[in-house]
Amino acid sequence: MLKKKSVEKLQGLLAEPKQITIVSHVNPDGDAIGSSLAWRYMLAAKGHTVRFMVPNPYPAFLEWMTEINHTYVYKMEPEACADYVAGSDLVFCLDFNKIGRLDKLGEEIEKNTRAERILIDHHLEPPADFDIAFSDTGASSTSLLVYELIEALGWEEEVTYPVAEALYVGINTDTGNFAFGHLSPELFRVVARLVEKGVDPPKLNISIYDNYSENRMKLMGYMLNEKMVVVREAHAAYMTLDKEEQKTYHFQPGDSEGFVNLPLSIKNVSLTAFFLETRECIKVSLRSQGDIDVNRMAQQFYNGGGHKNAAGGKHFGSMEQAVSIFKSALKSLPMPI
Ligand SMILES: [Mn+2]
């Protein structure tokens with residue numbers, strides 16, 4: 001539910017053509033990209049000058065999306081991005097709520113103290129330092145919130161196919177193809193409207209899910225066969241992927257997308273962790289089913305957060321330490337049924 005006052009305030013800000021930056025988080029996923037692309041199309045159609053930026057490249061499995069190649073990647077063109085942010089009147093932050101999730105791009109945003117900052121997000125614990133915050137932690141995706149905002153602004157008639165496609169990608173991927181999260185009647189009503197705008201679910205599902213590289217498939221097989229550890233007494237499982245193994249499988253960013261969910265398919269496994277070695281840290285992804293709160297686990301042990309059933313964080317230390325922290329955290333959890 002979007003606050004009427006906030007919608008009115010936004011309407012006021014958008015009454016005149018503005019220079020606008022849209023940003024989303026590091027390692028952008030389907031919802032980060034989908035919600036931001038849709039919002040960029042809408043604002044551009046309304047006569048604003050808009051750029052969408054991400055800190056690092058978007059995953060290859062989304063490359064087919066309409067005009068995704070117009071996305072600015074800060075890592076590739078830091079100066080062009082910095083100049084544009086500096087001249088922006090408005091900065092929209094989509095699908096994250098802590099500027100720290102933008103790495104160096106966040107510093108550029110912080111430098112522009114003139115621009116109004118507007119949040120559109122569904123992650124827990126939004127901070128108060130936004131001029132307007134559209135935050136709904138019960139929403140299954142930011143893309144769904146963007147659609148609600150489009151409706152609240154009375155822009156629904158102007159939703160074109162690329163907007164519908166982008167929102168469908170976000171709604172679909174953040175719910176694991178409509179398998180988890182808050183699957184409300186409203187969500188399916190929104191999807192119905194996107195279908196009316198030309199979205200073809202089977203076709204898009206092939207683009208989203210049957211679009212991976214051979215290397216990723218082989219890596220997935222290796223992970224399940226050689227790397228998955230099931231901790232039966234804790235109803236948990238985890239996998240680790242180090243730099244050596246990444247080299248062997250010609251790892252590209254996004255190749256391990258969704259791996260963390262795989263062990264949840266095992267009967268009696270309700271909590272999973274995936275540990276990915278990166279240049280600066282061990283990236284930790286956590287997933288759970290039911291009442292197990294991985295958001296708290298991510299906050300307490302890995303300087304992270306997210307949602308109750310899907311969260312992530314970082315460990316600055318060895319892979320072994322990151323795993324042993326997870327194993328001892330399991331002992332402090334209430335036993336799942
Ligand atoms: Mn999201």
Side-chain angles (χ1 to χ4, degrees), residues 1-2 22-40 42 52-59 61-62 65 68 71 92-103 105-106 118-127 130 133-150 163-184 186-188 190-191 194 204 208-209 253-254 256-261 264 274 283-288 293-295 298-299 304-313:
M1 254 154 299
L2 306 174
I22 300 172
V23 285
S24 197
H25 57 80
V26 72
N27 302 321
D29 57 11
D31 188 31
I33 297 291
S35 60
S36 300
L37 288 185
W39 194 231
R40 188 189 71 190
M42 290 308 298
F52 166 43
M53 289 173 201
V54 282
N56 65 340
Y58 47 83
F61 84 96
L62 294 175
M65 290 178 72
I68 193 172
T71 303
F92 283 91
C93 297
L94 267 64
D95 199 42
F96 72 101
N97 61 31
K98 291 183 183 73
I99 300 289
R101 289 216 64 205
L102 295 175
D103 286 350
L105 174 56
I118 302 123
L119 177 77
I120 310 176
D121 179 50
H122 67 133
H123 292 85
L124 297 171
E125 292 165 31
F130 287 93
F134 297 102
S135 163
D136 183 353
T137 59
S140 58
S141 63
T142 297
S143 297
L144 188 61
L145 285 179
V146 165
Y147 190 86
E148 284 174 10
L149 189 55
I150 288 170
V163 175
E165 174 193 274
L167 293 178
Y168 181 84
V169 168
I171 293 170
N172 178 298
T173 54
D174 255 26
T175 58
N177 204 359
F178 308 105
F180 51 74
H182 184 49
L183 301 176
S184 60
E186 185 50 29
L187 176 143
F188 291 103
V190 169
V191 171
L194 300 181
L204 290 189
I208 298 167
Y209 296 104
S256 57
E257 182 81 31
F259 281 10
V260 63
N261 296 307
L264 288 175
F274 179 70
K283 222 187 126 222
V284 187
S285 304
L286 301 166
R287 297 290 183 276
S288 66
D293 187 348
V294 288
N295 174 55
Q299 281 181 340
H307 311 280
K308 187 173 136 199
N309 294 131

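Ligands are counted one by one from 1 in listed order, and the atoms in each one are counted from 1 as well.
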Any N, O or S atom of His122 closer than 2.8 Å to the Mn ion (ligand 1): yes

Side chain Ser24, main chain Leu94, donor-acceptor under 3.5 Å: yes

Whether Asp95 has an N, O or S atom under 2.8 Å from the Mn ion (ligand 1): yes

Asp121 near the Mn ion (ligand 1): N/O/S under 2.8 Å: no

Three-point angle Asp174:OD2, the Mn ion (ligand 1), Asp31:OD2, rounded to the nearest 10°: 80°

Step-by-step side-chain hydrogen bond (donor to acceptor under 3.5 Å, both in side chains) determination, Ser143 to Asp31: CA-CA 6 Å; Ser143 297; Asp31 188 31; 2.7 Å; yes

Asp121 side chain vs Cys93 backbone, donor-acceptor pair below 3.5 Å: no

His25 side chain vs Arg101 backbone, donor-acceptor pair below 3.5 Å: no

